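Here is the structure we will look at.
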Amino acid sequence: MFLKQIIFTLLIIFLLPACSIKHPQTAEEFRQGVPTAFMGMSESYTVNRPYDKVVKTIKRKAPKCLNVRVTTTSQTTTSYQVIVTKYKPTVIAGKKKTELHIQQLHEQGVMNISEVPRGGYYLMVTDIVPAGKNKTKVTMYRPSMGIDTMVAAIKGWISGKNMGCPDLTKH
Amino acid sequence: MKYKSTFILLCLVSLLSACSGSGIKPYSSDLKHNIQVKTKTSTASYFSSIKARLDIYQVDKGCKVIYQGSVKLDKPVVNTGIPQARNNYLVFNFASSSFLGGSSSISYDTLLKTRKGYSYDIEVSYADNIYNVELFERGKKKSARRAIEIKELDNCR
């Protein structure tokens with residue numbers, strides 16, 4: 001768990017362009033920074049589910065499942081570390097496009113090395129748009145690893161096949 | 001002999017303070033069982049474990065929560081009773097630990113306004129690091145049940 005925390009933190013640190021000390025301050029900056037970021041990726045796919053239903057699910061699940069504060073305790077024979085992380089989802093829903101922004105703020109146990117946007121560093125941005133009758137296109141801007149649990153949950157909501165919440169203590 | 005007694009006493013005090021320090025007490029109720037919790041948990045590794053728990057709070061008129069106790073969800077089906085016709089605040093806690101990996105926990109909460117004569121089924125699951133809590137209300141005749149939306153504590157008024 002301790003090792004995972006370190007890897008996860010490093011991923012976030014390097015998600016911005018290499019050697020830069022400025023993190024994206026907005027969702028748009030995050031989208032634009034992902035293609036050139038270390039271990040950043042964008043992913044697009046289409047689901048056979050109406051846009052309205054996908055958006056309704058995101059609006060219902062994201063605030064409940066992602067607006068959480070997670071405390072992780074790592075203990076070895078020589079160290080003891082407590083990390084407190086607050087996650088903040090923002091859903092901006094419209095008729096032609098819906099955005100899901102997820103930010104994370106380390107409140108304890110991790111040093112924030114650059115200017116922190118209001119609500120925390122951007123961790124993931126998802127754009128959802130209608131793609132014809134009963135189809136919805138999804139584009140995710142995110143780290144290529146380190147948030148697998150969160151990505152799996154959001155994909156479950158979008159597909160309508162799994163309505164569970166991610167255990168954000170697991171990456 | 002004197003030192004031995006002192007040592008044992010210190011051990012007992014430490015153990016007792018550790019237990020009381022967690023703030024978790026078993027929930028006990030003489031009320032008719034109106035809650036049935038079905039729990040399924042699984043972990044991907046032999047070296048990790050997950051423990052589910054339900055913390056029960058009463059909610060007063062000012063929306064202040066008062067902790068009543070906790071129910072271990074360590075069996076497939078657990079029954080208990082909570083007051084009828086009033087607001088209750090339920091917090092589902094999933095605590096995981098792994099060998100050499102430390103521990104962590106995450107919670108999921110909902111406000112539940114119980115109705116007189118009704119019973120409630122709660123389905124709790126944790127698998128592949130995804131957890132889910134679903135609530136259903138069952139009528140007086142134990143007939144078909146209906147799903148209940150998860151509600152924030154803010155809805156208590």
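Predicted, not measured: the structure shown is a model, and the values here were computed from it. The sequence lines fix the lettering, A, B, ..., with proteins before strands; numbering per chain opens at 1.
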Portion of B/Ile130 that has a non-hydrogen atom of chain A nearer than 4.5 angstrom: both
Within the structure provided, determine whether A/Pro24 and A/Gln32 are in side-chain contact (heavy-atom separation under 4.5 Å). no
Between B/Phe92 and B/Asn132, does the side-chain contact (heavy atoms from CB on, under 4.5 Å) criterion hold? Intermediate values first, please. CA-CA 10 Å; B/Phe92 299 86; B/Asn132 205 2; over 6 Å; no
Chain A contact via B/Glu134 - which portion, at a heavy-atom distance below 4.5 Å: neither
Is A/Asn162 in contact with chain B via its backbone, its side chain, both, or neither, using a 4.5 Å heavy-atom distance? side chain
Heavy-atom proximity to chain B below 4.5 Å, by part of A/Thr71: backbone
Using non-hydrogen atoms and a 4.5 Å limit, figure out which bit of A/Arg60 sits close to chain B: side chain, backbone, both or neither. side chain
Between A/Asn48 and A/Lys135: side-chain donor-acceptor atoms closer than 3.5 Å: yes
Modelled atom types, side-chain donor and acceptor of A/Thr57 and A/Arg49, under 3.5 Å: yes
By side-chain contact (heavy atoms from CB on, under 4.5 Å) - contacts of B/Lys51 (at least two apart): none
At a 4.5 Å cut-off on heavy atoms, which part of B/Tyr108 comes close to chain A: side chain, backbone, both, or neither? side chain
